[in-house]
There are 2 protein chains.
Amino acid sequence: MGEPEAKRIKTEYELVYWPGIPGRGEVVRVLFEETGTPYIDAAKSKKAVEAVCSFSDLKNVGDETNPPKFAAPVLKHGELVINQLPNILLYLAPKLGLGPASGDGVYHLNEIALTILDGFLNEVHETHHPIATSQYYEDQKDEAKKRSKAFREERLPKYLAYVQRVLDGKKSGEGGWLYGGELTYVDLVLFQCIDGTKYAFPKTMEKYREGGKYDGVFKLYDAVKERPNIKAYLESERRVDYAEGIWRHYPELEEDEGEK
Amino acid sequence: MGEPEAKRIKTEYELVYWPGIPGRGEVVRVLFEETGTPYIDAAKSKKAVEAVCSFSDLKNVGDETNPPKFAAPVLKHGELVINQLPNILLYLAPKLGLGPASGDGVYHLNEIALTILDGFLNEVHETHHPIATSQYYEDQKDEAKKRSKAFREERLPKYLAYVQRVLDGKKSGEGGWLYGGELTYVDLVLFQCIDGTKYAFPKTMEKYREGGKYDGVFKLYDAVKERPNIKAYLESERRVDYAEGIWRHYPELEEDEGEK
């Protein structure tokens, strides 16, 4: 049972994610775009919402080949269907030439990806929905302000410092990339996560940039942004604007008590 | 550079984690205990806190072989040093005979582990610290009550239903295990996570158990608990009692408005 690996290599990737927001799916798109890998973006189809919801349907117990999923993003590749963003990245990295297929590097890159996603994606989402994802932002605004203050002042600099430490370490190598002296998927993960966090907290991120303690982080962000395929992607209609979703901009979440 | 894999196989594993709480480190311990794998538990040493803090020290940029870490748990195996709980599990699984070394199963198991950890570990931590990990529980108690209510009523049943769906699916196979008809590391992850969540929310978990919709989940929990090595471990002094940490029990977080 199961299709041969050789057959699957020629199969197109399909990303299933919510339409209208960059969100977690965007991290996957950036990998495809940088490497010029063809992919089907189900978020652009008319049945995008239906496709996403079919996976979290309580009656969905998976199929012969795959267990059921909790939530999107979901990646389809031939008969294989997987979810969980860090897991999708782990699967794609060696296939797209963005990471090793075996050895210690697999685990080093995975830990870096998980940490960046914790800090600049998961914790950013918590800033505007600290009580319940099912409730409106407006109904948890006071709590969101408190959580955002802790994020801006404590958590964010801790994660920025972590990324800078990775860049300052010997395993980062030359060239300003995070690992092994060449571009890997974690550099792309960092790019998208910093981009989203800049959208959500522009004043705060500008302050940290100007502070000069995390120069390597912002230099890496700039370097990825200027890569030809990424640059073309960001200028294309394929790139969706930020809106509701993981990275949201609410000006009041950058203001301290007493500020306007 | 780098030691041969053959040499490392004979090297003892060392877990670096906070002393006095089960926490994230406990999930790793359960894997070692079930498989009878010798390991050094740095949490039991007098310099446990020092060891943990050395990794998150802002001056620590890693070494020749490893990038720096954001936080514990950290696993040392020969010259390899890795962190991030799902990453440590991914590394250990094939070495301890608790998962395949390659193929689709790697990604299916990783997605199941990540989802269980999201639901029964990360989100449980958020219930008592929805505003700031750096602040006392008492200073965010009101928000914790709100978050806990949403967790108990919406998130928890959604995750329990997910695990039940995995068990009901074809890929689970016979025998009541989550994947492929035999015990894998995700069954052990589920055991520890359900155990911790039962400690944190005993009334709520008992209600869901009695409700009968997630019988497979609780049956699997019981089955792991009765395995000889796990049973012996739980009765040993090596098993640390729940206390402050990820899984905490605050009775008021199970009470709705108007209840005593």
Side-chain angles (χ1 to χ4, degrees), chain A residues 2 56 58-71 80 82-88 90-91 102-104 106-108 110-112 114-115 118-119 122 126 130-135 140 143 146-147 149-151 154-155 158-159 161-162 165-172 178-179, chain B residues 2 56 58-71 80 82-88 90-91 102-104 106-108 110-112 114-115 118-119 122 126 130-135 140 143 146-147 149-151 154-155 158-159 161-162 165-172 178-179:
Chain A
S56 45
L58 290 183
K59 292 191 198 75
N60 187 336
V61 297
D63 58 34
E64 294 283 341
T65 319
N66 303 282
K69 312 300 165 193
F70 186 77
L80 180 70
I82 57 173
N83 82 326
Q84 276 281 2
L85 177 54
N87 187 50
I88 293 171
L90 185 77
Y91 177 78
S102 63
D104 295 351
V106 170
Y107 306 99
H108 284 150
N110 190 38
E111 81 182 23
I112 296 171
L114 284 161
T115 309
D118 276 351
N122 298 328
E126 293 288 342
I131 301 301
T133 50
S134 61
Q135 291 166 22
Q140 50 196 306
E143 295 89 350
K146 290 187 193 175
R147 175 107 188 194
K149 183 176 165 66
F151 176 74
E154 297 163 23
R155 303 297 289 174
K158 204 172 168 186
Y159 281 105
Y162 161 78
R165 285 158 59 209
V166 173
L167 288 167
D168 290 343
K170 295 235 168 106
K171 280 305 282 183
S172 148
L178 284 163
Y179 193 79
Chain B
S56 44
L58 291 183
K59 291 189 199 75
N60 187 336
V61 297
D63 58 35
E64 293 283 341
T65 320
N66 303 281
K69 313 300 166 191
F70 185 77
L80 180 70
I82 57 173
N83 81 326
Q84 276 281 2
L85 178 53
N87 188 49
I88 293 172
L90 185 77
Y91 177 78
S102 63
D104 294 352
V106 170
Y107 306 99
H108 284 149
N110 190 39
E111 83 182 19
I112 296 171
L114 284 161
T115 309
D118 275 351
N122 297 329
E126 293 288 342
I131 300 300
T133 50
S134 62
Q135 290 167 22
Q140 49 196 305
E143 294 88 351
K146 290 187 194 174
R147 174 105 187 198
K149 185 176 162 66
F151 176 74
E154 296 163 24
R155 303 298 289 173
K158 203 172 168 185
Y159 280 105
Y162 161 78
R165 284 158 60 209
V166 173
L167 288 166
D168 291 343
K170 296 238 169 101
K171 280 305 283 182
S172 148
L178 284 163
Y179 193 80

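In what follows, chains carry the letters A, B, and so on, assigned in the order in which the sequence lines appear, proteins first and then strands, with residues in each chain numbered from 1. It should be emphasised that the depicted structure is a prediction, and the values quoted were computed from it without experimental measurement.
Using a 4.5 Å cut-off between heavy atoms, Q140(A) makes no contact with chain B at all. For chain B, no part of S172(A) is nearby; none of its heavy atoms comes within less than 4.5 Å. Interface residue E154(B): only side-chain heavy atoms are found under 4.5 Å from chain A. Contacts of I112(A) with chain B are made by side-chain atoms alone, with heavy-atom separations under 4.5 Å and no backbone atom involved. In this structure, chain B has a heavy atom under 4.5 Å from the backbone of D63(A), while its side chain stays farther away. Contacts between Y159(A) and chain B at a heavy-atom distance below 4.5 Å involve backbone atoms as well as side-chain atoms.
Interface summary for chain A: among K170(B), K59(B), H108(B), the most heavy-atom pairs under 4.5 angstrom belong to H108(B). Ranked by heavy-atom pairs under 4.5 Å with chain A, the first of L167(B), N66(B), N87(B), V166(B) is N87(B). Across Q135(B), K146(B), K149(B), the residue that shares the most heavy-atom pairs under 4.5 angstrom with chain A is K146(B). Annotation: maximal heavy-atom pairing with chain B below 4.5 Å, among S56(A), G169(A), P68(A), G103(A), occurs at P68(A). Taking S102(B), A161(B), S134(B) one by one and counting their heavy-atom pairs under 4.5 Å with chain A, the maximum is reached by S134(B). When each of N60(A), D118(A), L58(A), I131(A) is scored by its heavy-atom pairs under 4.5 Å with chain B, the top score falls to I131(A). Considering only heavy-atom pairs separated by less than 4.5 Å from chain B, the leading option among T115(A), L85(A), I88(A), D168(A) is T115(A).
The two atoms that bring A132(B) and A150(A) nearest to each other are CB-CB, 3.6 Å, heavy atoms only. Heavy-atom minimum distance, F70(A) versus R155(B): CE2-NH2, 4.2 Å. Heavy-atom minimum distance, R165(A) versus K69(B): NH2-O, 2.8 Å.
Atom CG in D104(A) sits 8.5 Å away from atom OG1 in T65(B) (nearest 0.5 Å). Expressed to the nearest 0.5 Å, how far CG of L90(A) lies from CG of L114(B) amounts to 9.0 Å. The CD1 atom of I82(B) sits 9.0 Å away from atom CG of N110(A), with the distance rounded to the nearest 0.5 Å.
In this structure, the side chain of E111(A) engages the main chain of N83(B) through a donor-acceptor pair within 3.5 Å.
In this structure, Y107(B) and Y91(A) have perpendicular ring planes: the angle between them is above 60°, well past the 30° mark.
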